[in-house]
S.K.: 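Below: one structure in structure tokens.
Position 1 is the first residue of the sequence; numbering continues from there.
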Amino acid sequence: MFSSEEMIASGDPAFPEVAVDTLIADPPAISNALGAPTLAAAMSSGVVLASEEATLRKVSTGDTIMLAGGGSVKVTAVLDAHILGGHEMAAGPAIVQRGRAAVANYLLVADQRQ
């Protein structure tokens with residue numbers, strides 16, 4: 001699982017690119033961990049946007065978003081941000097290639113202190 005800031009085209013000439021906080025993870029694994037069975041298919045075939053991000057970008061399921069530097073990707077689902085762990089966008093590594101922006105690696109560990 002990785003967190004990255006992916007750049008998407010904004011459509012506003014004053015701000016041509018916008019950084020979007022993106023969860024990049026193995027779709028079946030993250031779907032199982034989050035208890036969201038439909039997430040795996042959506043992350044495997046496009047990007048999942050948090051509802052706030054979709055509203056801001058004026059897109060919905062089935063639309064495409066333009067990536068900065070060219071290319072586009074289909075929006076396959078729009079979900080509440082809490083399902084995406086607070087991220088604005090989520091995708092599998094085959095959809096969003098790691099390494100376009102700074103990547104933060106992390107591991108969640110339960111606090112066992114009483």
S.K.: Of the non-hydrogen atoms in Ser51 and Asp80, which two are nearest, and what is the gap between them?
M.R.: OG-OD1, 3.6 Å
S.K.: Counting only N and O atoms by type, is there a donor-acceptor contact under 3.5 Å from the side chain of Asp12 to the main-chain atoms of Ala14?
M.R.: yes
S.K.: For residues 64-74, which side-chain donor-acceptor pairs fall under 3.5 Å, sequence neighbours excluded?
M.R.:
none

S.K.: Looking at Ala40 and Pro27, what are the two nearest heavy atoms and their distance?
M.R.: O-CB, 3.4 Å
S.K.: Keeping the roles fixed (side chain from Asp26, backbone from Ala29), state whether a donor-acceptor pair exists under 3.5 Å.
M.R.: yes
S.K.: Quick one: are Val78 and Val48 in side-chain contact, heavy atoms under 4.5 Å?
M.R.: no
S.K.: How far does CE of Met89 sit from CD1 of Ile24, to the nearest 0.5 angstrom?
M.R.: 7.5 Å
S.K.: Indicate the atoms forming the closest heavy-atom contact of Val96 with Ala91, along with that distance.
M.R.: CG2-CB, 3.5 Å
S.K.: Would you indicate whether the side-chain heavy atoms of Ser3 and His87 approach each other to under 4.5 Å?
M.R.: yes
S.K.: Dump the intermediate steps for side chain to side chain contact (heavy atoms under 4.5 Å, CB included) on Ile30 and Met43, then the final yes or no.
M.R.: CA-CA 10 Å; Ile30 197 71; Met43 287 178 61; 3.6 Å; yes
S.K.: Ser45 and Ala41: which non-hydrogen atoms are nearest, and at how many Å?
M.R.: OG-O, 3.0 Å
S.K.: At what distance, to the nearest 0.5 angstrom, does CG of Leu49 lie from CG of Leu84?
M.R.: 8.5 Å
S.K.: Atom CG in Leu34, atom CD1 in Ile83: separation rounded to 0.5 Å?
M.R.: 8.5 Å
S.K.: Within the distance-only criterion (no hydrogens, no angle test), does the side chain of Glu88 pair as donor or acceptor with the backbone N or O of Asp21 below 3.5 angstrom?
M.R.: yes
S.K.: Got a second to check how far Glu6's CD is from Glu17's CD, nearest 0.5 Å?
M.R.: 11.5 Å
S.K.: Looking only at non-hydrogen atoms, find the nearest pair between Ser44 and Ile95 and report the distance.
M.R.: O-CD1, 3.4 Å
S.K.: Would you please name every residue forming a side chain to side chain donor-acceptor pair (under 3.5 Å) with Glu53, sequence neighbours left out?
M.R.: Arg57
